[in-house]
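Written below as structure tokens is the structure these notes are about.
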Number of protein chains: 2
Amino acid sequence: MVADIPLFKGLAKEQLDEVVNSIADQTFDRGQTVLSEGEAAEGFFVLVQGKVKIFKLSTEGKEQILHFVGPGESFGEVPMFSGGRFPANAETIEKSRIFFFPRAAFLDLIGADPTLAMNMLAELSKRLRQMTRLVEELSLKEVPSRLAAYILYLSSENESDDVGLDITKGQLASLLGTIPETLSRILGKMSAQEVISVQGRKLKILDRTILEDLAAGGKFVI
Amino acid sequence: MVADIPLFKGLAKEQLDEVVNSIADQTFDRGQTVLSEGEAAEGFFVLVQGKVKIFKLSTEGKEQILHFVGPGESFGEVPMFSGGRFPANAETIEKSRIFFFPRAAFLDLIGADPTLAMNMLAELSKRLRQMTRLVEELSLKEVPSRLAAYILYLSSENESDDVGLDITKGQLASLLGTIPETLSRILGKMSAQEVISVQGRKLKILDRTILEDLAAGGKFVI
DNA sequence: CGGGTACTTGACAATGGTCAAGTGTGGTGG
DNA sequence: CCACCACACTTGACCATTGTCAAGTACCCG
């Protein structure tokens with residue numbers, strides 16, 4: 001099972017054994033806090049099953065989701081290499097099984113095997129790319145653009161014009177850097193213009209051209 | 001000189017030699033493009049002297065600065081480990097001397113020496129932390145908050161209430177995710193309320209308490 | 001001294017957030 | 001099995017923040 005985690009791909013058997021011996025297996029119910037911003041990090045986490053959101057909170061309680069973590073993905077690695085404290089919060093949004101990997105054992109391993117270091121570099125680079133895109137969208141695009149980009153992303157994932165949201169609309173709003181009211185209004189307008197159709201959490205793309213134009217920053221009036 | 005670059009700190013002499021043999025020394029005038037978003041990466045860069053901005057552009061030409069690069073810092077490493085293409089643009093804002101490090105030689109070295117891998121992990125982690133803070137500010141705070149946080153950061157850097165901007169106000173606006181007009185107005189209001197004084201690019205903190213409250217998301221009316 | 005760039009200021013428009021009051025809807029306990 | 005409750009979502013009226021457009025001033029560099 002540990003061998004299926006991308007981060008540990010390519011590791012020699014004896015090192016996989018060491019990984020297995022180091023980790024602690026934990027189970028969380030939906031809605032539980034896994035780690036909190038500012039907390040000293042004793043290690044990092046790998047999600048085996050379930051779903052986790054990584055997010056920031058404003059002083060007034062508004063939430064910005066940075067990204068979601070799915071099975072096989074790790075989170076909370078940043079303080080292993082700099083700072084020592086978590087830069088954001090992590091909370092389960094489904095019942096989840098999580099492996100905890102203590103700091104010292106991991107740093108030993110990463111010093112010993114360049115494969116693990118390269119895997120980690122690949123993971124952090126991917127994350128940096130995601131964050132760059134998020135900054136771009138928040139700063140340079142309006143909410144309809146961000147929503148259009150997200151719908152197109154979902155559509156490309158399952159290669160279909162029918163896309164199902166696997167998160168609540170409230171969470172989608174938080175991921176897009178807005179609030180449920182605004183998202184609801186924009187979905188309503190897109191629906192009225194027959195760009196998409198909306199049935200609960202089921203969306204259908206009706207006019208891909210307009211979505212693509214919007215995602216690129218187009219000023220189509222919705 | 002190469003030994004002074006944080007990324008290469010702790011490397012054995014023979015490996016430093018290899019670094020020196022691999023790099024290409026380049027000089028750029030102010031305002032020149034070093035790399036462009038989407039371009040295939042043949043290697044990455046280390047700034048020796050001068051200053052570089054890393055930024056994204058919207059389709060309408062608005063710019064969001066992600067961060068600045070100072071002497072001794074590297075940039076353009078992300079595609080070494082994932083994707084193969086640069087996620088953003090880099091342009092000199094001063095005459096700069098830049099080392100270019102080709103991909104293959106670097107990957108060889110990083111596989112051979114865990115020190116280099118750890119240095120790179122530290123660098124990417126630091127960057128990820130920066131980006132997380134940028135997302136937080138863009139999404140959860142208003143422009144006066146971001147400006148206050150930036151002024152306090154500058155003040156903590158040189159441990160003084162007198163801070164000098166080392167960039168133009170236009171660039172500061174782009175870094176804060178706004179436009180020069182808005183920045184100008186907010187500086188004007190802060191000045192009128194005697195929170196700071198503004199003389200060209202020289203700022204002086206007059207009321208630190210209010211700045212700190214603003215930076216934390218406070219709703220002080222300016 | 002001249003020209004371009006950086007910066008400022010004003011009037012206006014629009015995006016999106018706030019507050020308030022609904023309308024479903026699914027899951028749980030009686 | 002159904003009623004009810006909590007929660008997700010929607011809709012409306014309003015307003016704050018910030019961006020746009022336009023014009024003008026200051027300032028630095030050659």
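Throughout, a chain's letter reflects where its sequence line sits, starting with A, and its residues are numbered from 1.
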Rounded to the nearest angstrom, tell me the gap between atom [atom1] in [X] and atom [atom2] in [N].
X        : N      : atom1 : atom2 : result
B/Ile186 : D/dT18 : CD1   : P     : 6 Å
B/Ile167 : C/dC7  : CD1   : C1'   : 15 Å
B/Arg30  : C/dG4  : CZ    : C1'   : 12 Å
A/Arg201 : D/dC7  : CZ    : C1'   : 11 Å
B/Ile179 : D/dA22 : CD1   : P     : 14 Å
A/Glu181 : C/dT23 : CD    : P     : 17 Å
A/Leu187 : D/dC9  : CG    : P     : 10 Å
A/Leu176 : C/dT15 : CG    : P     : 17 Å

(message) Looking at A/Arg185 and C/dT18, is any side-chain donor or acceptor paired with a base atom of the opposite kind under 3.5 Å?
(response)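 Check passes, donor-acceptor contact within cut-off.
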(message) Of the listed nucleotides (C/dC7, D/dT18, C/dG16), which one gets closest to any side-chain atom of B/Lys169?
(response) C/dC7
So, does [X] get its side chain near the phosphate of [N], meaning an N or O under 4.0 Å from OP1 or OP2?
X        : N      : answer
A/Thr168 : D/dC9  : yes
A/Lys62  : C/dT18 : no
A/Thr182 : C/dG16 : no

(request) Indicate whether the side chain of B/Glu63 and that of B/Ser174 have a donor and an acceptor atom separated by less than 3.5 Å. (result) yes
(request) Could you please spell out the steps behind the ring-ring contact (aromatic ring centres under 6.0 Å, His included) verdict for A/Phe44 and A/Phe106? (result) CA-CA 9 Å; A/Phe44 75 101; A/Phe106 184 72; 4.7 Å; yes
(request) Assert yes or no for the condition that the ring centre distance of B/Phe45 to B/Phe101 is strictly below 6.0 Å. (result) no
(message) Under a 4.0 Å threshold between the charged nitrogen and the carboxylate oxygen, would B/Arg85 count as salt-bridged to B/Glu37?
(response) no
